[in-house]
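Each remark here refers to the structure printed beneath this line.
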Amino acid sequence: MFAVDRNLALELVRATEAAAMAAGRWMGRGDKNMADDAAVNALRYMLNTVSMSGMVVIGEGEKDEAPMLFNGEHLGASSSPEVDIAVDPIDGTRLTALGLPGAISVVALSQKGTMFNPKNIYYMNKLVTGPKAAKVIDINLSPAENISRVAEVKGKALDDITVVVLDRPRHDELMAQIRSAGARIKLIPDGDIAGALLTCKDHGGADLLMGVGGSPEAVITACAIKCLNGNMQCKLWPRHEEDVKEAKLRGLELDQVLTIEDLVKGDNVFFSATGITDSELLKGVRYDGTEIHTSSVVMRSRSGTLRFVDSIHMPKKLSELSKVSGIEYSTVVKA
C-alpha cells in the first residue's frame, strides 16, 4: 500500500467542478438521466487525470450499466497512491432535473482498503452531528434522548434544536418523536449528504440528521464528517428478507452499530463537493456568458483543513463538455 502524502482534495475539486458544470446545464429541464450522464462523463474524465491508482468502492452500479461510474472501476493516471474512491456525481438528481435547491457533486478518497463496501445492502439508519456534540450521540438511544444530549452539550433549549430528515413516508413515526421531544424539523426532499454537512457548518441551521437513507451515501457522508470532526453512527436497514440474508452472509448483524471508523478507517480522508443548484451549503453553478462560476468545499481529515473555493471558468470549451474536453479556469480560495 502506498502512503497518501499529498492533499488530493485540491485535485479532486477539479473533478467535482467539471461534474457540476456539466450537470448544471440540465437544471430544470426535467431529465435526470441526461443530467446524471453528463456529470458522470465529466467526473470520470477528470478523475482519470489525477495522479493516483483508484478503485471505485462507492459508485453508481455495475459495469454493464455504463456510463455510470461502476463499483470496481479503476480510475487515475498513475500506479500510486492506491486509494478507495466514493463518488456521487449528483447527490440530488431529481433536484437538478426540477431546478430545486440542494444538489451537489461529491467525491471522497481514502487509502486502499479503508472504505466500507455496502454492496447489496442499500439502506442504513443514520445519526449524524457536528463536532460540538460528536461525543454524546448514540443511535441505540431514542430520538428524544439524542436531542436532549445534543441540546445540553451545545447549550441550547430543546426547541432550538433542528433535525434534518428526508421527506419519506417511512419517517412519519420518527418525525412524530422529534416533534414530541420539542425539536424542530428541517425536511429535505433528497440529498442527505448535503443535509448531513449542515450539522457541521457554523450557523448551518441544523444540529442533527436522523433517519434512513442510502448506504452508499452513508459512506460518502462519513468521509466528510470525519474531515469535519463530527460523528456519525449507522445501522443496516433491511427492506425485505433478501436484505436480511445478504447481511447474514457477510457476517453483519442488523443491530450492529456501524461507527464512523467502520465506514471509513484511518485519518487520511479527502472530500470535495461542488454546488450544482443553490443550497445553504454551497452556491449553484452560475453561467454568465463570458464566465462560469462554481462554489466548492474541499477538506482533508489528517490536516483538518477546510477550504471554500470559488472558481471562475472560461466557457470557450464548455460546449464540448459532453465530449469531456478540458476546462480552463482560474480559482480564488477564500481564507
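The model shown is predicted, which means the values in this text are computed figures rather than measured ones.
Once rounded to the nearest 0.5 Å, the distance linking CG of Leu236 with CG of Leu252 reads 5.5 Å. If you take CG on Leu254 and CD1 on Ile121, they are separated by 8.0 Å, rounding to the nearest 0.5 Å. The distance from atom CG of Leu75 to atom CG of Leu69, rounded to the nearest 0.5 Å, is 6.0 Å. Going from atom CG of Leu100 over to atom CE of Met27 covers 9.5 Å, rounded to the nearest 0.5 Å. Rounding to the nearest 0.5 Å gives a distance of 4.5 Å between CD1 of Ile185 and CD1 of Ile178. The distance from the CZ atom of Arg184 to the CG atom of Asp207 is 8.5 Å, given to the nearest 0.5 Å.
For the pair Val57 and Ile85, the minimum side-chain heavy-atom distance is 4.5 Å or more. Contact check for Val164 versus Ile188: side-chain heavy atoms found under the 4.5 Å cut-off. For the pair Lys186 and Glu280, the minimum side-chain heavy-atom distance is below 4.5 Å. Counting heavy atoms from C-beta outward, Val219 and Pro118 have side chains that approach closer than 4.5 Å. With contacts defined as side-chain heavy-atom distances shorter than 4.5 Å, the pair Val87/Ile220 does not qualify. Using a 4.5 Å heavy-atom threshold, the side chains of Val298 and Leu10 count as touching. When side chains are defined from C-beta on, Val264 does not count as touching Phe271, because their heavy atoms never get closer than 4.5 Å. Side-chain contact between Val163 and Ile147: present, with at least one pair of heavy atoms (C-beta onward) separated by less than 4.5 Å.
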Set out, in order, the CA-CA distance, both residues' side-chain angles and the distance that settles side-chain contact (heavy atoms from CB on, under 4.5 Å) for Asn125 and Tyr123, then state yes or no. CA-CA 7 Å; Asn125 189 22; Tyr123 288 90; over 6 Å; no
What's the verdict on side-chain contact (heavy atoms from CB on, under 4.5 Å) for Asp267 and Arg302, showing C-alpha distance, side-chain angles and the deciding distance? CA-CA 5 Å; Asp267 68 344; Arg302 176 167 290 178; 3.2 Å; yes
Does Ser105 form a side-chain contact (heavy atoms from CB on, under 4.5 Å) with Ile276? I'd like the steps, not just the answer. CA-CA 7 Å; Ser105 177; Ile276 300 172; 4.2 Å; yes
Does the pair Glu261 and Lys226 meet the rule for a salt bridge (Lys or Arg N to Asp or Glu O under 4.0 Å), with working shown? CA-CA 9 Å; Glu261 194 65 24; Lys226 175 166 278 196; 2.7 Å; yes
Begin with the C-alpha distance, continue with both residues' side-chain angles, and end with the deciding distance and a verdict on salt bridge (Lys or Arg N to Asp or Glu O under 4.0 Å) for Lys248 and Glu253. CA-CA 7 Å; Lys248 288 181 178 178; Glu253 299 295 332; over 6 Å; no
Please determine whether salt bridge (Lys or Arg N to Asp or Glu O under 4.0 Å) holds for the pair Asp278 and Lys283, giving the CA-CA distance in whole Å, both sets of side-chain angles, and the decisive distance to 0.1 Å. CA-CA 4 Å; Asp278 285 344; Lys283 292 180 181 178; over 6 Å; no
Run the side-chain contact (heavy atoms from CB on, under 4.5 Å) check on Val212 and Leu166 step by step: do they pass? CA-CA 8 Å; Val212 175; Leu166 273 174; over 6 Å; no
Show, in sequence, the C-alpha distance, side-chain angles and deciding distance for Glu241 and Lys245, and conclude whether the salt bridge (Lys or Arg N to Asp or Glu O under 4.0 Å) test is met. CA-CA 6 Å; Glu241 189 59 32; Lys245 290 179 181 177; 5.6 Å; no
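In this structure a side-chain-to-backbone donor-acceptor pair under 3.5 Å is present from Thr277 to Gly102. At distances below 3.5 Å, at least one donor-acceptor pair connects side-chain atoms of Ser78 with backbone N or O atoms of Met52. Put simply, the side chain of Asp37 never gets that close to the backbone of Met34: no donor and acceptor are under 3.5 Å apart. At distances below 3.5 Å, not a single donor-acceptor pair connects side-chain atoms of Thr93 with backbone N or O atoms of Ile90. At distances below 3.5 Å, not a single donor-acceptor pair connects side-chain atoms of Ser301 with backbone N or O atoms of Cys227. Looking only at distances, a side-chain donor or acceptor of Asp138 sits under 3.5 Å from a matching main-chain atom of Asn140. One N or O on the side chain of Ser279 and one on the backbone of Leu281 form a donor-acceptor pair closer than 3.5 Å. Between the side chain of Gln233 and the backbone N or O of Ile139, at least one donor-acceptor pair lies under 3.5 Å. At distances below 3.5 Å, not a single donor-acceptor pair connects side-chain atoms of Glu11 with backbone N or O atoms of Leu8. A donor-acceptor pair under 3.5 Å is formed between the side chain of Arg168 and the backbone N or O of Pro189.
For the pair Leu209 and Thr199, the tightest heavy-atom approach, listed with the atom from each and the gap, is N-CG2, 3.8 Å. Annotation for Ile193 and Asp91: closest pair CB-OD2, 3.2 Å, computed over non-hydrogen atoms. Trp237 approaches Asp243 most closely through the heavy-atom pair O-OD2, 4.4 Å. Across all non-hydrogen atoms, the minimal contact from Gln111 to Asp84 is O-OD2, 3.7 Å. Taking each heavy atom of Thr221 and Met232 in turn, the nearest pair found is CG2-SD, 3.8 Å. Across all their heavy atoms, Ala222 and Ile260 have their closest contact at O-CD1, 3.7 Å.
For the pair Arg25 and Tyr287, the cation-pi criterion (under 6.0 Å, within 45° of the ring axis) is fulfilled. A cation-pi arrangement is present between Arg250 and Phe116 under the rule of less than 6.0 angstrom and at most 45 degrees off the ring axis.
Heavy atoms from other residues, nucleotides or ligands lying under 6.0 Å from CD of Glu152 number 12 at most. Within 6.0 Å of NZ in Lys132 there are 12 or fewer heavy atoms belonging to other residues, nucleotides or ligands. Environment of NZ in Lys201: crowded, with over 12 heavy atoms of neighbouring residues, nucleotides or ligands closer than 6.0 Å.
Between His313 and Thr294, the side chains place a donor N or O and an acceptor N or O closer than 3.5 Å (distance only, hydrogens not considered). Between the side chains of Lys119 and Asn71, no donor-acceptor pair of N or O atoms lies under 3.5 Å. One side chain, Glu291 or His293, offers a donor N or O that lies under 3.5 Å from an acceptor on the other. Under 3.5 Å, the side chains of Thr16 and Ser272 contain a donor-acceptor pair of N or O atoms. Under 3.5 Å, the side chains of Thr305 and Arg300 contain no donor-acceptor pair of N or O atoms. There is a side-chain donor-acceptor pair under 3.5 Å between Glu17 and Ser311.
Of the residues Asp36, Asp31, Asp190, the one that meets the salt bridge (Lys or Arg N to Asp or Glu O under 4.0 Å) test with Arg94 is Asp190. Results of the side chain to side chain contact (heavy atoms under 4.5 Å, CB included) test with Pro131 over Asn231, Ile225, Asn229 single out Asn229 as the only residue that passes.
In terms of hydrophobic clustering, with Ile, Leu, Val, Met, Phe, Trp and Tyr side chains grouped at heavy-atom distances under 4.5 Å, Ile104 and Val269 are assigned to a common cluster. The same ILVMFWY cluster, assembled from side-chain heavy atoms under 4.5 Å apart, contains both Leu282 and Leu306. Follow the hydrophobic side-chain contacts under 4.5 Å out from Trp26 and you never reach Leu95; the two are in separate clusters. Hydrophobic clustering (side-chain heavy atoms under 4.5 Å, transitive across Ile, Leu, Val, Met, Phe, Trp, Tyr) keeps Leu263 apart from Met210.
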